[in-house]
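First comes the structure, then the notes that go with it.
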Protein chains: 2
Amino acid sequence: MTLARGVRARAGAAIPDATVARLPVYLRVLGVFLERGVITVSSEELALTAGVTSAKLRKDLSHLGTYGTRGVGYDVGYLRFQISRELGLTHEWPVVVVGVGHLGHALVHYGGFASRGFQIVGMFDVDPDLIGTTVTALQPPRTVQPLSELESTIAATGAAIGVIATPATAAQGVCDRLVAAGITAILNFAPTILTVPEGTELRQVDLGLELQILAFHEQRKVAAVQA
Amino acid sequence: MTLARGVRARAGAAIPDATVARLPVYLRVLGVFLERGVITVSSEELALTAGVTSAKLRKDLSHLGTYGTRGVGYDVGYLRFQISRELGLTHEWPVVVVGVGHLGHALVHYGGFASRGFQIVGMFDVDPDLIGTTVTALQPPRTVQPLSELESTIAATGAAIGVIATPATAAQGVCDRLVAAGITAILNFAPTILTVPEGTELRQVDLGLELQILAFHEQRKVAAVQA
DNA sequence: TAGATTGTTAATCGATTAACAATC
DNA sequence: TAGATTGTTAATCGATTAACAATC
């Protein structure tokens with residue numbers, strides 16, 4: 001379940017895959033400390049909350065640079081920024097949403113995208129009753145476009161992420177068009193398995209499947225999957 | 001990003017964590033072959049589609065048992081069943097949904113849960129207008145219950161998975177109650193970060209975050225995240 | 001039998017861990 | 001300075017890989 005290969009630190013040395021995979025966990029935990037107003041944390045505290053050993057945490061952070069202070073610990077805000085930057089999270093990502101039925105409508109109104117740094121730059125449907133309607137809850141407000149404008153909007157906005165909230169039967173066709181248009185990440189809410197062209201390296205994550213596996217194998221653990 | 005530790009094969013030997021993490025990928029790929037009517041696959045074909053080397057695939061499968069036939073390959077349906085069984089996916093999982101507003105309503109109507117082996121055994125809300133309403137789209141139909149009945153329903157149904165689709169402000173309180181009631185996996189749609197009691201081992205996955213990381217680090221790859 | 005492909009072996013590679021020197 | 005905690009070292013552990021004997 002490799003997130004990245006050959007990610008390069010500023011110094012030029014590659015960051016191990018295993019380390020990159022843990023960085024989002026550290027980021028999340030640092031966010032909690034920040035909310036609580038904590039200024040400084042030791043590797044011991046941070047590791048305990050993140051569920052790793054302090055040795056592993058220090059080793060991981062040492063690949064990014066030397067951001068700690070011996071005898072003191074790490075500055076929560078500063079470390080959080082450095083990890084964010086390493087992961088490429090310091091800027092917003094334009095997103096297109098295909099399918100504005102019940103689920104799609106609820107998703108764009110829910111605020112979960114905006115609060116995570118996603119900006120919805122296009123919404124598409126084939127239903128004439130939906131096309132032309134405006135979602136004023138978005139900043140800025142967006143109007144549902146006909147699906148035929150999908151490619152041109154992706155090209156114009158540079159959207160990198162696509163959300164599929166269509167019926168199952170339409171999902172694969174939409175997926176093909178998103179891939180062809182240059183989308184690099186797809187969040188699929190349609191209850192179907194998508195395939196992408198051969199040669200496209202694909203990281204398939206089935207959230208439902210993962211939940212079941214977690215519930216089965218980690219009976220006493222909790223998986224809080226933020227969707 | 002370990003899914004399981006010390007998972008035991010029938011023979012009694014532990015299956016390596018790295019192998020368990022790849023089993024869902026093989027499962028997904030086998031599903032695609034099955035849909036296409038393919039009877040037998042070689043490790044080479046399967047590995048190519050799954051994005052691993054054939055040596056790694058054979059090594060992984062050897063931990064589960066000897067399910068292949070030398071000179072022939074693997075029976076798609078049989079191997080798929082064996083992996084499913086290993087992952088604990090051969091039976092249904094009871095799910096409770098907390099929050100039946102726009103998003104919760106859309107989720108229970110969408111069919112994505114049922115098609116993945118989740119059975120919704122309880123829906124909860126605090127809104128008097130929603131309590132008592134019945135969702136006939138479910139099999140069997142379910143009636144929205146007051147939140148006060150959350151614990152008793154979890155105990156009665158043995159629900160292991162909870163879905164949070166409440167406003168952000170209510171999510172943490174619901175999370176606490178789910179954990180206390182013995183829920184082992186939480187799918188959180190509220191746009192907030194949840195924390196669980198110290199000592200609870202927690203696997204945090206932020207789907208939004210993962211999408212951003214994928215889009216940033218794997219510019220030419222597609223991540224079809226099935227939500 | 002001959003060709004094909006698995007399951008396993010052994011060597012290589014990378015990740016984890018504990019201990020501690022460096023240093024705030 | 002004395003106490004605390006980082007960043008790094010070196011040894012251990014586990015995962016990956018390529019080659020091939022086993023066998024359908």
Side-chain angles (χ1 to χ4, degrees), chain A residues 1-11 13-23 25-26 30 33 38-76 78-79 82-83 86, chain B residues 1-11 13-23 25-26 30 33 38-76 78-79 82-83 86:
Chain A
M1 212 175 269
T2 301
L3 287 180
R5 284 171 207 280
V7 176
R8 306 209 145 264
R10 268 156 311 298
I15 297 177
D17 289 349
T19 295
V20 172
R22 282 188 294 266
L23 291 181
V25 178
Y26 303 153
L30 285 166
F33 278 109
V38 178
I39 304 296
T40 306
V41 282
S42 67
S43 61
E44 193 62 50
E45 293 169 292
L46 201 52
L48 192 73
T49 318
V52 299
T53 65
S54 63
K56 188 185 277 188
L57 182 112
R58 288 198 302 276
K59 184 76 167 177
D60 282 340
L61 295 184
S62 75
H63 292 296
L64 306 188
T66 58
Y67 299 133
T69 307
R70 290 169 197 234
V72 179
Y74 300 89
D75 182 277
V76 173
Y78 182 61
L79 182 59
Q82 294 297 343
I83 294 177
E86 189 59 51
Chain B
M1 214 175 272
T2 302
L3 287 181
R5 282 172 209 282
V7 176
R8 306 210 145 262
R10 270 156 313 297
I15 298 178
D17 289 351
T19 295
V20 172
R22 280 187 295 266
L23 291 181
V25 179
Y26 303 155
L30 285 166
F33 278 110
V38 177
I39 305 295
T40 307
V41 282
S42 67
S43 61
E44 193 62 50
E45 293 169 292
L46 202 51
L48 192 73
T49 318
V52 299
T53 65
S54 63
K56 187 185 277 187
L57 182 113
R58 288 198 302 276
K59 184 78 166 176
D60 282 339
L61 295 184
S62 74
H63 292 297
L64 307 188
T66 58
Y67 300 132
T69 306
R70 290 169 198 236
V72 179
Y74 300 88
D75 180 278
V76 172
Y78 182 60
L79 182 59
Q82 294 296 345
I83 294 176
E86 190 59 50

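The chains referred to below are lettered A, B, ... by the order of the sequence lines, with proteins before strands, and numbering in each begins at 1. All values reported here derive from a predicted model rather than from experimental measurement.
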To the nearest 0.5 Å, what is the distance between [atom1] on [X] and [atom2] on [Y]?
{"X": "A/Thr53", "Y": "A/Glu44", "atom1": "OG1", "atom2": "CD", "answer": "9.0 Å"}
{"X": "B/Gln82", "Y": "B/Thr66", "atom1": "CD", "atom2": "OG1", "answer": "10.0 Å"}
{"X": "B/Leu64", "Y": "B/Glu86", "atom1": "CG", "atom2": "CD", "answer": "5.5 Å"}
{"X": "B/Tyr26", "Y": "B/Tyr74", "atom1": "OH", "atom2": "OH", "answer": "10.0 Å"}
{"X": "A/Leu30", "Y": "A/Leu79", "atom1": "CG", "atom2": "CG", "answer": "5.0 Å"}

Original post:
Taking only residues two or more places apart in sequence or in another chain, which ones pass side-chain contact (heavy atoms from CB on, under 4.5 Å) with A/Val72?
Top reply: A/Thr40, A/Thr69
Original post:
Please, which pairs that meet salt bridge (Lys or Arg N to Asp or Glu O under 4.0 Å) have at least one residue in residues 60-74 of chain B, sequence neighbours excluded?
Top reply: B/Arg22-B/Asp60
Restricting both atoms to N or O, compile the protein contacts to nucleotides 13-15 of chain D shorter than 3.5 Å, with distance only.
none

For the pair made of [atom1] in [X] and [atom2] in [N], what is the distance, rounded to whole Å?
{"X": "B/Asp60", "N": "D/dT16", "atom1": "CG", "atom2": "P", "value": "7 Å"}
{"X": "A/His63", "N": "D/dT6", "atom1": "NE2", "atom2": "P", "value": "16 Å"}
{"X": "A/Leu57", "N": "D/dT5", "atom1": "CG", "atom2": "P", "value": "14 Å"}

Original post:
Of B/Gly73 and A/Val72, whose closest DNA chain C nucleotide lies nearer the 5' terminus?
Top reply: B/Gly73
Subject >> Heavy-atom pair with the smallest gap, counting every atom of B/Leu57 and B/Val52 >> reply: CB-CG2, 4.2 Å
Original post:
What pair of heavy atoms forms the shortest contact from B/Val25 to B/Ala50, and how long is it?
Top reply: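 So the two residues come closest at CG1-O, 3.8 Å.
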**OP:** With sequence neighbours excluded, tell me which residues meet side-chain hydrogen bond (donor to acceptor under 3.5 Å, both in side chains) with A/Ser42.
**Re:**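 For A/Ser42 the side-chain hydrogen bond (donor to acceptor under 3.5 Å, both in side chains) partners, ignoring immediate neighbours, are A/Glu45.
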Grab the N/O contacts between the protein and nucleotides 7-10 of chain C below 3.5 Å, and write none if there aren't any.
unit_1 : atom_1 : unit_2  : atom_2 : d
C/dG7  : OP1    : B/Gly68 : N      : 2.9
C/dG7  : OP1    : B/Gly68 : O      : 3.4
C/dG7  : OP2    : B/Tyr74 : OH     : 2.7
C/dG7  : O4'    : B/Arg70 : NH2    : 3.0
C/dG7  : N7     : B/Arg58 : NE     : 2.9
C/dG7  : O6     : B/Arg58 : NE     : 3.3
C/dG7  : O6     : B/Arg58 : NH2    : 3.0

Original post:
Bend across the helix from C/dG3-D/dC24 to C/dC24-D/dG3, to 10°, with axes taken over 5 pairs at each end?
Top reply: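 Terminal axis comparison yields 20°.
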